[in-house]
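Report on one structure; see the data block that follows.
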Protein chains: 2
Amino acid sequence: MYELHFAVPMAGAILCTSNIRHDSAMVSVLLRYSEAKVFFVDYKFVEVPRGALDLLYLTKTKLPRLVLVPTSQIPSHTVSISSTNFNSSTLDYESLRALGKPEFEIRRPKDESDPISLNYTSGTTSSPKGVVYSHRGAYLNSLAAILLNGMGPMPVYLWTVPMFHCNGWCLTWSVAAQGGTNVCMRNVSAKGIFDAISIHKVTHLGGAPTVLNMIVNALPSERKPLPFKVEVMTAAAPPPSQILFKMDELGFNVTHSYGLTETNGPGTVCTWKPEWDSLPPTEKARIKSRQGVYHLGLDEMDIKDPVTMKSVPSDVNTIGEVMFRGNTVMKGYLKNIKATEEAFKGRWFRSGDLGVKHPDGYIELKDRSKDIIISGGENIILEVAVVGRPDDHWGETPCAFVKLKEECNNANAEDIIKFCRDHLPHYMSPRTVIFEDLPKTSTGKTQKFVLKEKAKAMGSLTKMNDSKL
Amino acid sequence: MYELHFAVPMAGAILCTSNIRHDSAMVSVLLRYSEAKVFFVDYKFVEVPRGALDLLYLTKTKLPRLVLVPTSQIPSHTVSISSTNFNSSTLDYESLRALGKPEFEIRRPKDESDPISLNYTSGTTSSPKGVVYSHRGAYLNSLAAILLNGMGPMPVYLWTVPMFHCNGWCLTWSVAAQGGTNVCMRNVSAKGIFDAISIHKVTHLGGAPTVLNMIVNALPSERKPLPFKVEVMTAAAPPPSQILFKMDELGFNVTHSYGLTETNGPGTVCTWKPEWDSLPPTEKARIKSRQGVYHLGLDEMDIKDPVTMKSVPSDVNTIGEVMFRGNTVMKGYLKNIKATEEAFKGRWFRSGDLGVKHPDGYIELKDRSKDIIISGGENIILEVAVVGRPDDHWGETPCAFVKLKEECNNANAEDIIKFCRDHLPHYMSPRTVIFEDLPKTSTGKTQKFVLKEKAKAMGSLTKMNDSKL
């Protein structure tokens, strides 16, 4: 996978990595959608690709050329990918490499904005969207990733982040650019992480909070003392205070980053300020849970009212949508002009994430816009929360629980739905609106699970044979 | 100066910094050539600008608008820039700042390749050349400079490198990009450097070997213990082994970089490998004297035969010209198409520096091409050295001392001169060719001073009234 991050672009081709958690049906859809010409398959994961190729064969789709990548554990002669349905001509990875010439010519892109890779994101709709990265964007995000990971020359990077996620947050290229060493693991485990750090003197690693969780819950027998402070980049969700505290105790320095597949991975980082060092642990965790400031590869990141496109004030209260602009934002979605246009409406990339701005410019995410819809400039709504209502046809439809301002009690559900449809993509607009006080926890957070139960109890809005979809 | 590195580009204007060592005549030439509209003058350096403005006035050139920048040492009311010849309307810097609006609009460049700054280089000819930097080039070189200086977040940078040299090697912008602190000094002195490091906890500084020399020769009373290892970037000439050794003893880590005004400052860096740590000091110094590998902002750097444009082999012996290609190479010379075309002949920027390639890809400069001319693909010459021969009209003309290969003794001076004129810019071609064995030192280096004495003894080639120039 790592070698192909260089070989494929240098051959003038486009890289599309596949999530190992996909099933055969999904892989077959993605292969067809991407029009993949060559399919590199790891010996360890032949079952799913075999099923995917079977499906392609059955739908009479031209099969991609197969290249099998051996592992040290599984000798090449013990594995075959042929099934009863097809007998594709395959090539061994090492045999393919042997066909190469040492003095090969690099196929440079004609234009720097030509695509370098394709990364699928499931998004909010059922069909996967192929996010297209350009050479220019990937180059700049790789440089930015070096900086936001605080990587000096010759880092030793442990791959706990999968390379099939946004090309490993672009760190596949960053590590090479800094002359670093890559340490890969077949299975991510606490013992494996501590062993790798101890043996290879790992300087950096990254991962979702689940990886941090795994580390802090390691058994004493699995732990090894760290050779120095190890840098850990986390993303996807803010790290909880207790985990941060324990990570720090173990000798890790955790940095919190935020981004999307559409921003080539990390777009912001909660850059730590020395004056925060002396704060109590819970306060530190509170600050570290912010998504921070945008990195040097971007032109701009802002939180805006999605309707008026005005920046929200830096008052920690006004919620808006996080929007990005700049080179490290994707070119668009493959073969999906409509979704691309929607995502870039107003000439900013709309993340779909909602958040607030702090007076120091750091942003903090609140809820996803698929959970909450704010009403733009119309100040008739005091509070709102949107949850999914089960639906026989759509799976779920948006259901809004609304508390109106005291003086606005004459608004009705139709008004709210019409307003939303006028200003938001259709699929984002609620189909059900319930007026009531929102249930809260003792600390003032909305009890979403209560609302979800209520929505579930309503049953499906559309019936299976309903033609009025 | 630092603030203007941001204010001027953000106002949509182009920054042109002036070397404080220029005299009034030179400054007046540069002001006229640049068509400067606003001239920011430091109170401490009013004499030279006053003389320059006098000269502009005498040649009936429109004077630029003056803004005087006060210092804490010199109160504003004690200084006037008016002379007997003119009485330009001036504005105080702080008064100008007071005219600004906090909610100002940034004038973004229409195109990323629009100019951001102009840096004069004296070059090899007498007329100064204005090197034009683009926003794109300066941005990428600033990112590359962060990486090659090994700057983490929030560095503390001591300005021993003048900001009027290639915009401080682009570090003016790098330090801001990393959220750093700038420590400025009016006069660079050993005591000042040690004091600044101690007071401000300086993490990085840079300078020509003269700065390193100053540091290692500090009196014991001027020295202060360093708070940690301080990173020093040096350029312009390879640091001598003894200085490197002493710098290391004092707690500095010296990195060697190389570049030109035309490459936005640093273009290569001698990236240090851990396996070199255990080498003896002289061997370390020998390795550190290499100019290294090109940085991440460039597309490519190579050493090529200037005639055939073929890459020289990585054999440490074959000399070629160092050439650069990529975004961080200048746009061109202001109002000088001829010099620009010559510099970019063959679609590479020709540095005029000669060097060799090591098997590990690191380059090492040999002599300047103005000192040595190599003969390209024609293998009739065994050794050659070129020195300046005094000249009444030109100052100097190139004089070649040539040792032909054994089997090629039939070549004459006219052949060599014709060949050079056919393949090199006219001014680079020798006007005198002497065939003889080159004098050598015991270690095999050419004794250039002997050849220079010989050329001097020949006297001027052209006489004062010679019309055949």
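Naming convention: chains lettered A, B, ... in sequence-line order (proteins, then strands); numbering from 1 in each chain. All figures in this text were calculated on a predicted structure; none of them were measured in a lab.
Between A:Q178 and B:L296, some side-chain heavy-atom pair lies under the 4.5 Å cut-off.
Of all non-hydrogen atoms in A:E112 and B:E112, the two that sit nearest each other are OE2-OE2, 4.2 Å.
Only the side chain of A:L140 comes within less than 4.5 Å of a heavy atom in chain B; its backbone stays farther off. Proximity to chain B (any heavy atom under 4.5 Å) is restricted, for A:L143, to the side chain, taken from C-beta onward.
More than 12 heavy atoms of other residues, nucleotides or ligands shown are found within 6.0 angstrom of CD on A:E300. Few gaps surround NZ on B:K201; more than 12 heavy atoms of other groups in view lie less than 6.0 Å from it. Remark: A:K273 NZ is packed, more than 12 non-hydrogen atoms of other residues, nucleotides or ligands lying under 6.0 Å away. For B:E105, the CD atom is loosely surrounded, since the number of other residues' heavy atoms within 6.0 Å does not exceed 12.
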